[in-house]
Protein chains: 2
Amino acid sequence: MRRGEVFRSPDRGDLVALRVAEGCLRVCHPLHDGRRQITDFLMPGDGIGLNEVRRHNGSIEAVTPAHVALLATDAAEVEGEPDLAQARIGAMQARLFMLGHKNAREKLAAFLLEMADRIAPGEADFRLPMSRYDIADYLCLSPETVCRNFTQMISDGLIALPDSQTVQILHRAPLEFIGR
Amino acid sequence: MRRGEVFRSPDRGDLVALRVAEGCLRVCHPLHDGRRQITDFLMPGDGIGLNEVRRHNGSIEAVTPAHVALLATDAAEVEGEPDLAQARIGAMQARLFMLGHKNAREKLAAFLLEMADRIAPGEADFRLPMSRYDIADYLCLSPETVCRNFTQMISDGLIALPDSQTVQILHRAPLEFIGR
DNA sequence: CGCGGCCTTGATGTGCCTCAATGGTTGTGG
DNA sequence: CCACAACCATTGAGGCACATCAAGGCCGCG
């Protein structure tokens with residue numbers, strides 16, 4: 001998929017799941033007031049059941065150029081697979097706690113730690129493939145608030161941004177303390 | 001279970017699921033700052049997998065005197081059951097949208113409609129088994145805000161409260177418009 | 001070169017939280 | 001039976017975190 005290309009699931013009713021080989025995708029859901037919510041980012045190795053996306057007429061969009069595998073296996077095998085369903089329930093529960101009671105700073109700390117683990121585990125720095133607007137829609141914040149908290153964390157010496165896409169985590173421990 | 005009684009799942013590692021025959025329960029999860037989040041209310045007929053509760057060391061507490069069936073079947077049969085898992089994912093997605101971008105008034109409208117459907121579908125009025133504090137922890141609001149929005153809806157003529165537990169929905173259509 | 005998208009920062013408003021007080025209700029033990 | 005405590009519901013006052021509106025800079029691209 002090209003960057004920005006949209007995969008809308010009703011287009012292909014025969015498909016039941018999708019797996020990312022390379023690149024980064026976002027799972028978008030339109031809201032009634034015209035805004036959108038991003039429920040997940042998909043990294044290489046990640047998969048998702050399409051029924052889950054279709055349920056709230058969502059779409060899957062390429063954040064970067066991406067290679068994806070489209071799976072048309074029997075639904076029960078893919079979506080109903082207990083491990084996969086349980087894993088998703090766990091991830092969604094964590095997101096529920098985050099959206100409910102974390103403030104902007106705590107949300108961003110948790111987000112950065114999550115991305116660090118998913119993009120480059122063990123590395124000192126990593127590149128965020130998505131824009132500030134994407135991050136905002138994922139954390140249910142305004143892009144301005146995301147931005148301000150980035151600069152706040154920089155001046156606190158927690159992180160550094162060599163450029164706006166590249167993140168260096170300078171002090172992981174306090175970041176984890178904030179994000180928990 | 002008596003009113004207020006707590007069922008903490010690690011107590012009974014042999015159990016994998018729970019089904020409510022009568023009464024109302026709340027699924028509680030402690031947060032790191034000492035507060036709690038209620039992820040669900042369980043009404044007669046509702047069931048829940050206990051792994052999901054255990055994952056974030058939650059507990060299940062009786063809001064009213066309740067009869068529950070404790071199930072010790074094989075985990076794969078109960079929790080992994082595709083329909084049940086998919087239903088939970090759908091419900092959690094709806095909650096994600098709610099917590100993310102709805103304001104207090106919209107949250108309360110959605111809550112009242114949900115409870116009306118679950119407690120007394122088709123009836124004109126119904127009784128809320130839970131306290132304002134429980135509602136607040138479910139919607140991620142303060143109890144005062146819940147209260148104020150109740151009185152606001154009353155003065156707008158949307159609902160009536162013969163007593164603090166009993167809810168009459170006077171105009172369903174505008175309530176649905178707000179809560180969507 | 002000019003345009004559009006993204007990032008960043010400032011100014012301002014407001015929705016909700018926090019703190020505080022009051023009255024009603026329930027339950028409990030003397 | 002009554003006094004007391006505990007909990008719940010409600011309302012007011014004040015403050016803060018975040019959204020919104022606005023503007024300017026940077027970069028890639030046609």
Side-chain angles (χ1 to χ4, degrees), chain A residues 2-4 24 26 31 33-38 61-65 98-109 111 127-155 159-167 178, chain B residues 2-5 24 26 31 33-38 61-65 98-109 111-112 127-155 159-167 178:
Chain A
R2 270 195 277 276
R3 188 183 131 105
C24 174
R26 59 180 176 231
L31 301 177
D33 59 359
R35 295 145 96 189
R36 68 170 184 176
Q37 179 152 352
I38 294 179
E61 309 175 6
V63 174
T64 67
M98 171 159 101
L99 292 186
H101 287 293
K102 282 204 210 308
N103 63 26
R105 186 178 177 75
E106 293 163 346
K107 284 180 183 177
L108 188 56
F111 172 76
R127 280 184 67 82
L128 288 174
M130 71 293 286
S131 75
R132 300 286 189 263
Y133 292 80
D134 287 339
I135 299 174
D137 289 341
Y138 181 65
L139 300 179
C140 297
L141 295 170
S142 71
E144 294 94 332
T145 296
V146 171
C147 221
R148 277 185 250 271
N149 280 276
F150 263 116
T151 62
Q152 182 66 42
M153 284 183 180
I154 294 171
S155 59
I159 63 172
L161 297 185
D163 67 279
S164 68
Q165 301 261 99
T166 308
V167 179
I178 296 172
Chain B
R2 269 196 279 276
R3 188 185 133 105
E5 190 177 349
C24 175
R26 59 181 177 230
L31 301 176
D33 58 0
R35 295 144 95 189
R36 69 171 184 177
Q37 179 152 352
I38 294 180
E61 308 175 6
V63 173
T64 67
M98 170 160 101
L99 291 187
H101 287 291
K102 282 204 210 307
N103 63 27
R105 185 178 177 76
E106 295 162 345
K107 284 180 182 177
L108 188 56
F111 172 77
L112 290 177
R127 280 183 69 80
L128 289 173
M130 71 292 287
S131 74
R132 301 286 188 265
Y133 291 81
D134 287 338
I135 299 173
D137 289 342
Y138 182 65
L139 300 179
C140 297
L141 295 171
S142 70
E144 293 94 333
T145 296
V146 171
C147 222
R148 277 185 249 271
N149 280 277
F150 263 116
T151 60
Q152 181 67 40
M153 285 183 179
I154 293 172
S155 58
I159 62 171
L161 296 185
D163 66 281
S164 66
Q165 303 260 98
T166 307
V167 179
I178 296 172

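For the numbers below, each heavy atom of this structure counts, side chains included, while hydrogens, waters and symmetry mates do not. Residue numbers start from 1 in every chain, and the chains themselves are labelled A, B, ... in the order their sequence lines are given, proteins ahead of strands.
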task = Return the value, rounded to whole Å, for the distance between atom CZ of R2(B) and atom P of dG27(C).
result = 14 Å
Any residue of residues 138-148 of chain A with a heavy atom less than 4.0 Å from an atom of DNA chain D = C140(A), L141(A), S142(A), E144(A), T145(A), R148(A)
message = Side chains of L141(A) and N149(A), heavy atoms from C-beta outward: is any pair under 4.5 Å?
response = no
key: Atom pair distance, as rounded to whole Å: CD1 in I154(A) and C1' in dC7(C)   = 12 Å
message = How many whole angstroms separate atom CZ of R105(B) from atom P of dT14(C)?
response = 17 Å
inquiry  = Assess whether a salt bridge exists between D33(B) and K102(A), defined as any Lys/Arg side-chain N lying under 4.0 Å from an Asp/Glu carboxylate O.
reply    = no
query = For R127(A), does the CZ atom sit with more than 12 other heavy atoms under 6.0 Å from it, leaving out its own atoms?
reply = yes
task = Rounded to the nearest angstrom, tell me the gap between atom CZ in F150(A) and atom P in dC7(C).
result = 9 Å
remark   = Of A104(B) and R3(B), the one whose closest nucleotide on DNA chain C sits nearer the 5' end is A104(B)
query = Can you check whether R36(B) reaches D134(B) side chain to side chain, under 4.5 Å on heavy atoms?
reply = yes
key: Outermost DNA chain D nucleotides near chain B [under 4.0 Å, heavy atoms]   = dC8(D) to dA13(D)
task = Find the distance L128(A):CG to dC6(C):P and express it as a whole number of Å.
result = 15 Å
key: Value in whole Å for how far the P atom of dC6(C) lies from CE of M130(A)   = 14 Å
S164(A) side-chain N/O to dC6(C) phosphate OP1/OP2 under 4.0 Å = no
A104(B) versus T145(B), closest heavy-atom pair with distance = CB-CG2, 3.6 Å
query = In terms of side-chain geometry, is the basic nitrogen of R35(B) or D137(B) positioned less than 4.0 Å from the acidic oxygen of its partner?
reply = no
request  = Take atom CE of M153(A) and atom C1' of dT8(C), then tell me their distance rounded to the nearest Å.
outcome  = 16 Å
remark   = Bend of the helix from dC1(C)-dG30(D) to dG30(C)-dC1(D) from end-axis comparison, five pairs per end, nearest 10°, comes to 30°
key: Distance, rounded to the nearest Å, where Q165(B) contributes CD and dG24(C) contributes P   = 18 Å
